[in-house]
2 protein chains.
Amino acid sequence: MRKVSESTVARLSLYLRRLEEVEAEGLGTLSSEALARRCGTTGAQVRKDLSFFGTFGKRGLGYSVPELKTALRSILGLERHWRVALVGVGKIGSALLGYEDFRRQGFMIEAVFDADEAKVGEERSGLVVRSTAELEAGLEEEGIDIVIVAVPAEAAQGVVDRVVGAGVRAILNFAPTKLEVPTGVAVKSVNMAMELEGLSYALANAGKRTRRTSVQRG
Amino acid sequence: MRKVSESTVARLSLYLRRLEEVEAEGLGTLSSEALARRCGTTGAQVRKDLSFFGTFGKRGLGYSVPELKTALRSILGLERHWRVALVGVGKIGSALLGYEDFRRQGFMIEAVFDADEAKVGEERSGLVVRSTAELEAGLEEEGIDIVIVAVPAEAAQGVVDRVVGAGVRAILNFAPTKLEVPTGVAVKSVNMAMELEGLSYALANAGKRTRRTSVQRG
DNA sequence: GGATGTGAATGTCTTCACAGCT
DNA sequence: AGCTGTGAAGACATTCACATCC
């Protein structure tokens, strides 16, 4: 397999979501141009993105919606369920726990940890909060694939080190800090403060700019 | 001013956050290389990023931490407060309301709207939830600069159209959907489902890949 | 005819490397 | 000597354009 950029993978995600809508609308087939229009990109981009993984369309016709959907789900590793643990049951962690979309997409939150002993033992969304003291043991017991880190910035790196030490190779980080991980561990960060600062920049520089910032990721 | 990429602006955000830590550690001066090390980038990248906005360092010495901090805050438009409204007080919206970091960074949530009349009139974090029926009026009254959209995907575009119609030019979107906005309106999207799918891809393709995905933005 | 798949061209971002200032 | 600021080179991503196939 050729090297594939992160932006390509992000777009595949988007294509899949749009395809599900298209299917609901009852369309059975779709051209790259039509899909692109729904995703804010170009037909050439769609075709190039897909070309990294194989050939999915029929010339003169376009793509079969169910076939392309299946292909994308397979590429993205969404044909199976992933076992997810949440570390940190504060404001954000709690919101994530209640976010049914994750489960619907096959990301099953199976364990919840918090350092605050007052929270340990409480039930949240059907799961008992466990102490971070038993983090490694819990991750192993539950066969966790992905850990969501929703702890304060100061605590994040420590949690990540332990999580990586326990063999987890995928982390979704909500703490506003840079995380060091060894090669072979995937980290994605969601940083709302940084996005807001991007908006602040756009507002502060409105009119001065050459290029307009109406770009987005999904 | 030259055109500046989104990734440069994102890094400026990161530099600023690290500088605040450096200042707390008592360092008065810092080389591009030292700052880069804390941000997971290179000295050349730091210097290039800054060069778009002026010249802030002293050759042979590096950057004055307080001076660079001030410069970055000014570039990012963080010297003033921004008035923010939240639309949608569901799981995510509520979590954002309680997220004190926004306020600390100068993003003041001044108004909250929800379409659910059952929630209208309730108090959340010191604000009374208003009906989306009075969205435009409320945005104008409060002089809102930035709107956070935390409504279901189906409702997002409708809200955005109204918000843009009311003159708002910066939107932070949490709905997992693509938003159409006219040129001149800045949109940033936070899409957790998409980030998770990026992790899924990394896990599903571990070992097959040429390039390791340990990249992050925050 | 119509739309894909893809090398080649273009555009954008990052890295290099060094002249020039302190 | 040390480190910045920056053109130039290199890597990477997107767009073009067309031969190819249904």
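Residue numbering restarts at 1 for every chain, and letters A, B, ... go by the order of the sequence lines.
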When you measure from the side-chain N and O atoms of [X] to the phosphate of [N], is any distance below 4.0 Å, counting only OP1 and OP2?
| X | N | answer |
| --- | --- | --- |
| B/S32 | D/dT4 | yes |
| A/S7 | D/dA13 | no |
| A/T42 | D/dT15 | yes |
| B/T55 | D/dG5 | yes |

Smallest separation among heavy atoms of [X] and [Y], with atom names:
| X | Y | answer |
| --- | --- | --- |
| A/Y15 | A/C39 | CD2-SG, 3.6 Å |
| A/G90 | A/D114 | N-OD2, 4.3 Å |
| A/D145 | B/L203 | O-CD1, 4.0 Å |
| B/F174 | B/A150 | CB-CA, 4.4 Å |

Between [Y] and [X], is there a side-chain heavy-atom distance shorter than 4.5 Å?
| X | Y | result |
| --- | --- | --- |
| A/V185 | A/V163 | no |
| B/Q157 | B/L179 | yes |
| B/P176 | B/M194 | no |
| B/F102 | A/L196 | yes |

Report the distance from atom [atom1] of [X] to atom [atom2] of [N], rounded to the nearest whole Å.
| X | N | atom1 | atom2 | answer |
| --- | --- | --- | --- | --- |
| B/E33 | D/dG5 | CD | C1' | 15 Å |
| A/F56 | C/dT6 | CZ | C1' | 15 Å |
| A/K48 | D/dT15 | NZ | C1' | 9 Å |
| A/Q45 | C/dT6 | CD | P | 15 Å |
| A/L12 | D/dA13 | CG | P | 14 Å |
| A/R47 | D/dT20 | CZ | P | 16 Å |
| A/R37 | C/dA3 | CZ | P | 10 Å |
| A/F52 | C/dT4 | CZ | P | 17 Å |

- [ ] Report the residue from A/T41, A/T42, A/D49 that forms a side chain to side chain donor-acceptor pair (under 3.5 Å) with A/Q45.
- [x] A/D49
Restricting both atoms to N or O, compile the protein contacts to nucleotides 9-11 of chain D shorter than 3.5 Å, with distance only.
none

- [ ] List the steps and the verdict of side chain to side chain contact (heavy atoms under 4.5 Å, CB included) for A/F107 and A/I109.
- [x] CA-CA 6 Å; A/F107 297 95; A/I109 300 185; over 6 Å; no
Task: Cationic N near anionic O, under 4.0 Å, B/E21 to A/K178 - done: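 Here B/E21 does not pair with A/K178 in a salt bridge, since their nearest N and O are not under 4.0 Å apart.
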Task: Given DNA chain D, 5'-ward residue of the pair A/T8 and B/L30, judged by closest heavy atom - done: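 The answer here is B/L30.
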Which atoms of nucleotides 20-22 of chain C (N or O only) lie under 3.5 Å from a protein N or O atom, and what are those distances?
| unit_1 | atom_1 | unit_2 | atom_2 | d |
| --- | --- | --- | --- | --- |
| C/dG20 | N3 | B/R59 | NH1 | 3.2 |
| C/dT22 | O4' | B/R59 | O | 3.1 |

Task: Test item: side-chain donor near acceptor, B/E195 and B/N191, under 3.5 Å - done: no
Task: Stretch residues 61-71 of chain A: residues that reach within less than 4.0 Å of DNA chain C through a heavy atom - done: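 Residues of residues 61-71 of chain A under 4.0 Å from DNA chain C: A/L61, A/G62, A/Y63.
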